[in-house]
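Scroll down for the structure; my scribbles are underneath it.
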Amino acid sequence: MNKNQTEDESKKKTSLNFIEQLIEKNISEGKNEGRVHTRFPPEPNGYLHIGHAKSICLNFGLANRYNGLTNLRFDDTNPVKEDVEYVDSIMNDVKWLGFDWEDRLYYASDYFDQLFEWAVKIIKAGKAYIDDQSADEISAQRGTPSKPGMESPFRNRSIEENLDLFQRMKNGEFPDGARVLRAKVDMASPNMQLRDPAMYRIKHAHHHRTGDKWCIYPMYDFAHGQSDFIEGITNSICTLEFEVHRPLYDWYLDQIVEGNYRPVQTEFARLNLTYTVMSKRKLLQLVEEKLVNGWDDPRMPTITGLRRRGYTPESIRNFADTIGVAKRDNVIDVALLEHSVKEDLNKKANRVMAVLDPIKLIITNYPEGKVEELDATNNPEDESAGKRTMYFSRELLIERDDFMENPPGKFFRLTPGKEVRLRYAYVIKCTEVIKNNAGEITEIHCTYDQETKSGTGIPLNRKVKGTIHWLSALHAIPAEIRLYDRLFINENPDITDEGKDFKSNLNPDSLKVVNGFVEPVLADAFHESKYQFERNGYFCVDLDSSPEKLVFNRTVALRDSWAKMNK
RNA sequence: UGUCCGAUGGUGUAACUGGCAACACGUCUGAUUUUGGUUCAGAAGAGUCCAGGUUCGAGCCCUGGUCGGACAACCA
């Protein structure tokens with residue numbers, strides 16, 4: 001047994017993902033003096049989502065493991081798509097996740113001067129040229145993956161002319177799209193990325209940082225590896241779709257690198273989640289078409305949405321850890337993400353009782369006007385969370401579906417003639433059901449057994465099959481409770497019947513607003529507190545609730561239990 | 001029709017330089033329990049895409065296929 005344990009532990013230590021293996025190999029070979037320096041390089045054109053979280057945890061985690069550093073770099077080379085709103089939100093989200101780039105905050109736009117110089121150098125080396133053709137013409141000449149491209153008529157311009165034209169592009173002499181700087185690589189390459197890719201394009205657009213200083217902007221490929229190089233990055237980790245770009249990444253580096261140091265690009269598979277769309281374009285569409293209430297809508301897979309939904313940074317980091325990193329395409333069941341937050345909240349969340357859909361319950365043998373104070377444990381798994389006081393009285397509220405007049409098969413809760421325990425209070429027995437003219441249940445009458453008070457230590461001489469939650473009608477605090485479900489009905493929302501787009505898979509019932517009641521302690525609940533409501537899942541106080549209006553968001557419905565209960 | 005990448009229980013990730021395919025989640029049983037939660041104990045579930053080859057021995061190496069993905073923005 002003991003032997004197995006130590007074996008497992010040593011196995012865990014040596015169980016490295018493929019990037020860690022690469023890093024250890026590099027370290028053992030003394031590459032880059034054994035330094036490990038990564039970067040997280042988002043384009044500020046949208047909010048970060050759970051897929052980015054995977055990348056953030058990977059990059060910062062790797063650096064942490066090998067005593068390295070991680071930079072935050074905004075890849076802001078396309079001014080028309082980018083905005084400061086996004087850079088602010090990205091910084092917040094990375095911080096919230098618990099990572100610190102310290103003083104290493106960079107922008108690709110910081111390097112525009114250097115990039116321009118390097119472009120000139122490459123022109124001077126005869127490895128780049130100005131093409132006067134339109135985007136359409138260039139595209140037509142590019143060929144197809146199976147057919148080689150044709151060379152541009154401008155490919156063999158003189159270096160002097162190229163230099164002059166490039167300078168004039170920079171000076172703003174030409175309109176958008178009039179000319180483009182292209183790398184002279186190989187129009188017949190089987191790798192499309194190498195067929196004379198664009199390096200610089202003209203965009204007379206205001207940049208969120210450089211303002212109107214520039215009217216030409218470098219392409220991703222010409223900016224990224226160079227930025228890595230400038231920052232001393234050793235491991236440039238990106239997603240699989242950039243795999244075919246790697247030869248270009250290296251080609252550009254070949255043109256400028258002198259000396260031994262150079263960054264290496266490594267690709268990993270991006271995260272896919274069931275019942276979730278992850279593309280920024282689609283998330284933007286949901287926001288713009290008001291199909292959700294903004295980027296931080298708790299139904300969104302954005303970091304800020306998850307945060308409002310009640311996710312903790314730890315739970316997201318643990319999730320990233322659990323799913324690992326590899327090169328094959330994957331689809332993770334969203335239930336695993338939900339599991340990670342349940343696991344974390346189970347340890348941290350204070351338990352509190354709530355009633356979403358109340359029905360009045362009268363304890364007929366309880367004195368009118370009497371109020372008892374009862375002790376309730378805040379967190380059975382954490383003694384230090386302490387206790388709170390609950391008020392017990394003759395008139396109570398219980399959850400409507402905790403009672404059934406004619407229960408089918410396995411029903412463990414309140415039913416006529418049977419006993420259940422009111423959590424932290426007494427065992428009660430249902431004696432009568434009061435209905436209105438329409439036949440709807442309006443009140444349930446019960447008797448309580450004084451001997452069964454919780455916490456007295458007196459052993460119960462009989463078995464009670466269920467424990468239900470309750471609130472004193474007099475003391476309950478009204479609260480708005482938002483029940484969020486999955487945003488999409490379809491396990492893979494990107495796949496639709498032909499002709500329809502992903503929005504046809506939206507779940508019409510993904511948000512339900514309920515006017516329920518909660519315990520008095522929650523009246524002074526503070527922002528971002530996490531609570532576990534008995535039987536109804538985890539809730540957190542919504543960011544925009546106020547003392548006048550308590551709002552809760554449900555984190556995770558205890559689906560499995562509910563499914564069983566409703567069988 | 002080209003190039004590159006990938007393929008291991010339901011899902012994801014391991015398996016060192018070839019050595020009895022492991023871990024987590026999920027599922028199912030059972031136990032505890034003042035939440036049908038939690039916790040605990042146990043079980044089932046793959047023989048590693050296919051066909052050859054090398055080898056005493058192949059998930060791992062070689063050859064050929066199959067299937068899936070990426071690449072034809074002046075996006076990142």
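No hydrogens, no waters, no symmetry mates; every other heavy atom, side chains included, goes into these values. Reminder, nothing fancy here: chain letters follow the sequence lines and each chain counts from 1.
Residue A/Val331 is classed as a sugar-phosphate contact, given heavy-atom separations below 4.0 Å to backbone atoms only. Base engagement by A/Gly455 is indicated by at least one non-hydrogen atom pair under 4.0 Å involving a base atom. Among the heavy atoms of the strands lying under 4.0 Å from A/Val325 are primed sugar atoms or P, OP1, OP2 only; no base atom is included.
In this structure A/Arg317 satisfies the side chain to side chain donor-acceptor pair (under 3.5 Å) test with no other residue, sequence neighbours excluded. Checked against side chain to side chain donor-acceptor pair (under 3.5 Å), A/Lys147 has no partners two or more places apart in sequence or in another chain.
Remark: A/Arg73 engages A/Asp228 in a salt bridge, criterion side-chain N to carboxylate O under 4.0 Å.
Between A/Leu16 atom CG and B/A14 atom P there is a gap of 10 Å when expressed in whole angstrom units. Distance, A/Glu24 CD to B/U17 P: 11 Å, rounded to whole Å.
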With B for base contact, S for sugar-phosphate-only contact and - for none (protein heavy atoms under 4.0 Å), nucleotides 68-76 of chain B reads -SSSBSBBB
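The strand RNA chain B forms stems, runs of 3 or more Watson-Crick or G-U wobble pairs with distances below 3.5 Å, at B:2-7 with B:66-71, B:10-13 with B:22-25, B:27-31 with B:39-43, B:49-53 with B:61-65.
Below the 3.5 angstrom threshold, one finds a donor paired with an acceptor across the side chain of A/Glu381 and the base of B/G37.
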Is there any protein nitrogen or oxygen under 3.5 Å from a nitrogen or oxygen in nucleotides 29-33 of chain B, and what are the pairs?
none

Identify the pairs formed between an N or O of the protein and an N or O of nucleotides 58-61 of chain B at a distance under 3.5 Å, and give each distance.
none

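For A/Phe166 and A/Tyr200, the distance between ring centers is under 6.0 angstrom.
Between B/A14 and B/A70, the distance separating the two C1' atoms is 26 Å to the nearest Å.
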